[in-house]
2 protein chains.
Amino acid sequence: MEASFAITPDIAAELAAELAAKLDMRLDPAAAAGEGAAVPLPEPDLHYLAARTALFSPGEDAGKVYEVTQGVLMITRLLPDGRRQILDIAGAGRVIGLTWSDAHDCAAIALRDSIVRRHDSNGSSAVALNAARFADALFGEVHRLRNLATALGRKTATERLAGFLLDLAGEDADPPVRIDLPVTRNEIADHLGLALETVSRTFSRLRRDGIMRIETSQKLTILDRAALRRLADGGPF
Amino acid sequence: MEASFAITPDIAAELAAELAAKLDMRLDPAAAAGEGAAVPLPEPDLHYLAARTALFSPGEDAGKVYEVTQGVLMITRLLPDGRRQILDIAGAGRVIGLTWSDAHDCAAIALRDSIVRRHDSNGSSAVALNAARFADALFGEVHRLRNLATALGRKTATERLAGFLLDLAGEDADPPVRIDLPVTRNEIADHLGLALETVSRTFSRLRRDGIMRIETSQKLTILDRAALRRLADGGPF
DNA sequence: CGGTACTTTGACCAAATTCAATCACTGTGG
DNA sequence: CCACAGTGATTGAATTTGGTCAAAGTACCG
């Protein structure tokens, strides 16, 4: 998609300056205080995360952006009394850690052993990454959160789970589609705003109805995608 | 916030090009097909919206960005069977209409007579606006949607309503704080993922408990903000 | 006034949660 | 190799929160 811009070079420069300032502030407040001169360009460094360890936690300085290279992370909010909302499940290719304020308002926790590529503010790679993916990552975030909020606010347990499974399956080949769940029943529950028992029961019904096969609790197969789609869209159970 | 950038001019230019392309695509697909030359700079035009009329609807071309100048709009998702999730309520100063794909995935509907400033893609004002507010608007959107999803997924009816009212009240002066609701009970319900009767009942209890005064159904006063805060945070009813 | 749209309240109902066992799978140590 | 924790999943029963249905009540507007 090579568009010719209806934006003058002057305006583009101005835009660049403002956005660069913004990105810079976002990415490394410290650097913003430094000189305006060019700096060395450290390569982005890879971080290895063991399953169930945190990449960042709420309150921590939101200075870095991460690109998931391998594995899966979840983005969670924790209420003071322990209730948890899993806001996102981010697999390879996803960019996470973008936050408005100076401090994270969420935790990012590896669901499996994972590798993330950390992009510091003062490397060219950060700029390249951000120019290429900054907007996409944010727009994607908004889009997914809108879907999630709609599901949480207005869909039944069955619709939520069916939709979740279809999302995981992607638009892949026809059934049978194999899914390797990166999450426990408890985590699905905390993502879909349900009790884990409800999730379990719903899985059981999907199995009884011949819509899914459940090899182990994490290894699933969609046998009847059309039926699952119907359930996700509010069809009768 | 005049930051000196740790980004070379070269990189900034590259960043500018990529982001300009992105913004341009986003803002006016038509213009993207035109020449790269400078274009006249039309001032942003104001649009007057009567209450209950739509600014844009799902599926429509997402070519423009709007800044709310006066009034209030709601951003809604509609499910095929009529269920509705109100994702956002945007008052003066807010920027809306930013969307990922080419088409809107939401509707924007005026709750009151409103005025929005439309920013076309090919005006300098659009660039200025976007450079200045683009990121903020998106980050704000993400932040609010995370809060909403957490509320919808993990909070009780009372917590949701109390939180909603506190949001509307802002961090203003001490009680009594007056609130002029821009929404009906039905709309509050569709925002908080509840039945309208549940909203009404919850209001009634807040009134009985001396936490709020309800002059008319839209004119409210918070009498005991601390108590409301406690309820919003999951305290006992 | 009379009508329409919105709100409140009550009685009942149902989806989902909670409580409580039981089961299945895994890894560990005897 | 098997017993036995330990963790997570499933299932059942009782409960609850919030939803649905129905009937007034109230405000607003021509």
Side-chain angles (χ1 to χ4, degrees), chain A residues 51-52 79 81-85 111-112 151-162 164-165 179-209 212-220 231 234-237, chain B residues 50-52 79 81-86 111-113 151-162 164 179-209 212-220 231 234-237:
Chain A
R52 311 285 146 185
L79 297 181
D81 61 0
R83 282 175 289 178
R84 178 175 67 165
Q85 177 63 47
L111 288 167
R112 296 176 171 160
L152 295 177
R154 283 292 173 236
K155 294 191 182 176
T156 65
T158 308
E159 292 170 279
R160 292 181 210 180
L161 184 61
F164 173 72
L165 292 171
I179 298 178
D180 188 1
L181 281 182
V183 284
T184 65
R185 298 285 182 269
N186 198 348
E187 285 155 352
I188 296 174
D190 281 348
H191 184 45
L192 303 181
L194 301 169
L196 73 92
E197 293 94 329
T198 304
V199 174
S200 185
R201 276 182 243 278
T202 308
F203 266 118
S204 296
R205 206 181 46 231
L206 291 178
R207 178 171 40 69
R208 270 199 303 282
D209 295 353
M212 310 219 27
R213 179 166 49 239
I214 301 179
E215 276 99 277
T216 75
S217 54
Q218 323 292 318
K219 304 265 182 212
L220 315 175
L231 287 179
F237 307 71
Chain B
R52 311 286 146 183
L79 297 180
D81 62 358
R83 284 175 288 178
R84 178 176 66 166
Q85 177 63 46
I86 296 178
L111 289 167
R112 296 175 172 161
D113 294 342
L152 295 177
R154 283 295 174 234
K155 293 192 182 177
T156 65
T158 308
E159 292 170 279
R160 293 182 210 179
L161 185 61
F164 174 71
I179 298 178
D180 188 0
L181 282 183
V183 284
T184 66
R185 298 286 182 270
N186 199 347
E187 286 155 352
I188 296 174
D190 281 349
H191 184 45
L192 302 180
L194 301 168
L196 72 92
E197 294 94 329
T198 304
V199 173
S200 185
R201 275 184 245 278
T202 307
F203 267 119
S204 296
R205 205 179 49 231
L206 292 177
R207 178 171 40 69
R208 271 200 302 283
D209 295 352
M212 309 219 28
R213 180 166 48 239
I214 302 179
E215 276 100 275
T216 74
S217 55
Q218 321 294 319
K219 303 266 181 210
L220 315 175
L231 287 180
F237 306 73

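We name chains A, B, ... by the order of the sequence lines, and we start the count at 1 in each one.
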Taking distance alone, no hydrogens or angles, what donor-acceptor pairs closer than 3.5 Å link side-chain atoms of residues 188-200 of chain B to residues at least two apart or in another chain?
unit_1: B/D190; atom_1: OD1; unit_2: A/R154; atom_2: NE; d: 3.4
unit_1: B/D190; atom_1: OD1; unit_2: A/R154; atom_2: NH2; d: 2.8
unit_1: B/D190; atom_1: OD2; unit_2: B/R84; atom_2: NE; d: 2.7
unit_1: B/D190; atom_1: OD2; unit_2: B/R84; atom_2: NH2; d: 2.9
unit_1: B/H191; atom_1: ND1; unit_2: B/I86; atom_2: O; d: 2.6

Next on the checklist: How many whole angstroms separate atom CZ of B/R83 from atom C1' of D/dT20?
Outcome noted: 15 Å
Checklist entry - What are the two closest non-hydrogen atoms of B/L181 and B/F164, and how far apart are they? => result CD2-CE2, 4.3 Å
Item to check | A/T202 vs A/R160 side-chain heavy atoms within contact, under 4.5 Å | outcome: no
Checklist entry - Can a donor-acceptor pair under 3.5 Å be found between the side-chain atoms of A/R208 and the base atoms of D/dT11? => result no
Item to check | Between C1' of D/dG19 and CG of B/N186, the distance in whole Å | outcome: 14 Å
Checklist entry - For B/V183 and B/Q218, which heavy atoms make the closest approach, and how far apart are they? => result O-OE1, 2.8 Å
Checklist entry - If you find the nucleotide of DNA chain D closest to B/R201 and the one closest to A/V183, which residue's nucleotide is nearer the 5' end? => result A/V183
Next on the checklist: For A/F203 versus A/L165, what's the shortest heavy-atom pair and its separation?
Outcome noted: CE2-CD1, 4.0 Å
Next on the checklist: Just the rounded figure in Å: distance from P of D/dG18 to CZ of A/R154.
Outcome noted: 13 Å
Checklist entry - Is there a side-chain polar atom (N or O) of A/R207 under 4.0 Å from OP1 or OP2 of D/dT11? => result yes
Polar pairs (N or O, both sides) under 3.5 Å between protein and nucleotides 25-30 of chain D?
none

Checklist outcome for this item: Between A/E159 and A/L231, the two heavy atoms sitting closest are CG-O, 3.2 Å
Checklist entry - If only side-chain N and O atoms of B/T198 are considered, is one of them under 4.0 Å from the OP1 or OP2 phosphate oxygen of D/dG18? => result no
Checklist entry - Should B/K219 and B/I179 be marked as a side chain to side chain contact (heavy atoms under 4.5 Å, CB included) after you check the CA-CA gap, both sets of side-chain angles, and the distance that decides it? => result CA-CA 6 Å; B/K219 303 266 181 210; B/I179 298 178; over 6 Å; no
Item to check | A/L152 to A/Q85 - nearest heavy-atom pair and separation | outcome: CD1-NE2, 3.8 Å
Next on the checklist: D/dG8, OP1 or OP2 - any side-chain N/O from A/Q218 closer than 4.0 Å?
Outcome noted: no
Checklist entry - Base, sugar-phosphate, or nothing for A/S217, non-hydrogen atoms under 4.0 angstrom? => result sugar-phosphate
Next on the checklist: Expected output is a numbered-order residue list: members of residues 190-197 of chain A with a heavy atom under 4.0 Å from any atom of DNA chain D. What is it?
Outcome noted: A/L196, A/E197
Next on the checklist: Going by side-chain contact (heavy atoms from CB on, under 4.5 Å), name the residues that satisfy it together with B/R205, two or more places apart in sequence or in a different chain.
Outcome noted: B/T158, B/R208, B/D209, B/F237
Next on the checklist: On the nucleotide D/dT7, are OP1 or OP2 found under 4.0 Å from the side-chain N or O atoms that A/T184 carries?
Outcome noted: no
Item to check | 5' to 3' contact window, DNA chain C with chain B (heavy-atom distance under 4.0 Å) | outcome: C/dT7 to C/dA11
Item to check | Short N-O contact, B/E187 and B/R112, less than 4.0 angstrom | outcome: no
Next on the checklist: Which residues pass the salt bridge (Lys or Arg N to Asp or Glu O under 4.0 Å) test with A/R201, not counting sequence neighbours?
Outcome noted: none
Item to check | Value in whole Å for how far the C1' atom of D/dT17 lies from CZ of B/F237 | outcome: 9 Å
Checklist entry - In whole angstroms, how far is the P atom of D/dG8 from the CD1 atom of A/I214? => result 18 Å
Checklist entry - Do A/E215 and A/L220 come within less than 4.5 Å of each other through their side chains, counting heavy atoms only? => result no
